[in-house]
Student: 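First the structure, then my questions, so here it is.
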Amino acid sequence: MRLSSRSAFALLATASLGLLAAGLLVGELAKLQPCHLCNLQRLIYLVLAFFALCGVLLPDWRRLWSFLVALAAAGGVAAAVQQGGMQYAPQLATECGFGDPSLTEQLINWLGVKWPAMFMVTGFCTNKEWIFLGLSLANWSGVCF
């Protein structure tokens with residue numbers, strides 16, 4: 001059975017929002033402190049879901065939405081790999097939030113003011129507070145992207 005492009009985009013939007021919700025739930029239950037890169041990945045899951053919903057609503061532009069979904073997913077992988085590297089070798093990492101904030105940190109800080117329940121930064125990128133099957137939450141996020 002072959003999925004229509006609308007169904008595939010709907011499934012992708014549902015999966016993206018589901019992964020976001022699961023990450024928020026794990027964070028809340030385990031009392032994890034999200035960092036800039038955690039929150040960037042949350043934002044990317046939202047962007048991914050938005051592009052997928054656009055694919056559902058405007059299926060004639062599926063090539064554009066597919067490209068944007070792939071671009072967002074690649075950005076998510078990059079953020080997860082960067083955070084995973086910082087967690088693997090924290091002594092080599094320049095911690096997020098120290099020094100002049102990057103454009104990404106400025107965006108996340110602004111979002112934290114606008115939507116604190118979702119984007120408030122309270123942790124450090126080098127902290128590996130939650131491990132499941134040998135992988136941190138950042139590693140699992142990278143796999144899911």
Side-chain angles (χ1 to χ4, degrees), residues 5-59 61-145:
S5 64
R6 278 188 135 158
S7 296
F9 279 123
L11 185 61
L12 180 60
T14 303
S16 185
L17 292 175
L19 288 166
L20 175 64
L24 290 170
L25 182 64
V26 167
E28 195 62 34
L29 292 175
K31 304 221 184 301
L32 303 178
Q33 303 299 312
C35 68
H36 285 95
L37 289 173
C38 297
N39 288 332
L40 176 61
Q41 290 168 69
R42 290 177 181 180
L43 177 61
I44 294 171
Y45 279 117
L46 286 172
V47 168
L48 236 162
F50 173 77
F51 290 148
L53 286 174
C54 288
V56 171
L57 299 173
L58 302 167
W61 293 23
R62 70 180 171 273
R63 288 183 191 265
L64 171 65
W65 304 127
S66 297
F67 173 75
L68 292 174
V69 161
L71 197 61
V77 169
V81 166
Q82 181 182 3
Q83 185 179 5
M86 293 174 85
Q87 291 174 343
Y88 179 74
Q91 69 281 5
L92 300 176
T94 303
E95 185 60 61
C96 297
F98 289 105
D100 291 333
S102 68
L103 186 59
T104 301
E105 292 170 343
Q106 290 176 27
L107 172 64
I108 297 302
N109 290 337
W110 180 79
L111 287 169
V113 170
K114 300 296 181 191
W115 192 0
M118 178 70 81
F119 294 110
M120 181 63 67
V121 174
T122 57
F124 297 102
C125 298
T126 55
N127 290 355
K128 189 172 16 175
E129 300 174 329
W130 186 83
I131 306 289
F132 180 69
L133 298 176
L135 298 176
S136 71
L137 195 55
N139 300 141
W140 282 111
S141 182
V143 168
C144 291
F145 278 118

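Throughout, numbering of the chain's residues begins at 1 and tracks the sequence. As a basis for the values below, the full set of heavy atoms in this structure was taken, side chains included, without hydrogen atoms, waters or symmetry mates.
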Student: Would you name the heavy atoms of Ala138 and Gly84 that are closest together and state the gap between them?
Tutor: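 In terms of heavy atoms, the two residues are closest at CB-N, 4.3 Å.
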Student: Could you tell me whether the side chain of Trp65 and the main chain of Phe9 form a donor-acceptor pair under 3.5 Å?
Tutor: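 No; zero donor-acceptor contacts below 3.5 Å.
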Student: Looking at Pro59, is its backbone amide N or carbonyl O close enough to the side chain of Arg6 to form a donor-acceptor pair, meaning the two atoms are under 3.5 Å apart?
Tutor: no
Student: Got a second to check how far Leu20's CG is from Tyr45's OH, nearest 0.5 Å?
Tutor: 8.5 Å
Student: Go through the steps for Trp61 and Cys54 under the test side chain to side chain contact (heavy atoms under 4.5 Å, CB included), then give the verdict.
Tutor: CA-CA 9 Å; Trp61 293 23; Cys54 288; over 6 Å; no
Student: Can you check whether Leu64 reaches Leu68 side chain to side chain, under 4.5 Å on heavy atoms?
Tutor: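 Answer yes - side chains close enough.
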Student: Is there a side chain to side chain contact (heavy atoms under 4.5 Å, CB included) between Leu137 and Gln83 once you walk through the steps?
Tutor: CA-CA 10 Å; Leu137 195 55; Gln83 185 179 5; over 6 Å; no
Student: Quick one: pull up SG in Cys38 and CG in Leu24 and give me the separation to the nearest 0.5 Å.
Tutor: 11.0 Å
Student: Considering all heavy atoms of both residues, which atom of Lys31 and which atom of Gln33 are nearest to each other, and what is their separation?
Tutor: O-NE2, 3.5 Å
Student: Going from CZ on Phe50 to CD1 on Ile44, what distance comes out if it is rounded to the nearest 0.5 angstrom?
Tutor: 15.5 Å
Student: Side-chain contact, heavy-atom cut-off 4.5 Å: His36 with Asn109?
Tutor: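 They are in contact (side-chain heavy atoms under 4.5 Å apart), so the answer is yes.
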Student: Starting from the C-alpha separation in whole Å, work towards a yes-or-no answer on side chain to side chain contact (heavy atoms under 4.5 Å, CB included) for Leu46 and Leu17.
Tutor: CA-CA 7 Å; Leu46 286 172; Leu17 292 175; 4.1 Å; yes
Student: Okay, side chain of Ser16, backbone of Leu12: is any donor-acceptor separation there less than 3.5 Å?
Tutor: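 No, because the side chain of Ser16 does not come within donor-acceptor range (under 3.5 Å) of the backbone of Leu12.
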Student: Compare every heavy atom of Asn39 with every heavy atom of Met118, then report the nearest pair and how far apart it is.
Tutor: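 Answer, listing the atom of Met118 first, then Asn39: O-OD1, 3.3 Å.
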Student: A side-chain contact here means heavy atoms from C-beta on lying under 4.5 Å apart; do Phe145 and Gln41 qualify?
Tutor: yes
Student: Determine the minimum heavy-atom distance between Val56 and Ala10, stating which atoms define it.
Tutor: CG2-N, 3.4 Å
Student: Considering non-hydrogen atoms only, spot the tightest contact between Pro34 and Met120 and give its length.
Tutor: CG-O, 3.6 Å
Student: State, to 0.1 Å, how close Ala13 and Ala49 come at their nearest heavy-atom pair, and which atoms those are.
Tutor: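 Ala13 and Ala49 have their closest heavy atoms at CB-O, 3.9 Å.
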Student: Output, in order, the C-alpha distance, side-chain angles, deciding distance and verdict of side chain to side chain contact (heavy atoms under 4.5 Å, CB included) for Leu107 and Leu43.
Tutor: CA-CA 10 Å; Leu107 172 64; Leu43 177 61; 3.7 Å; yes
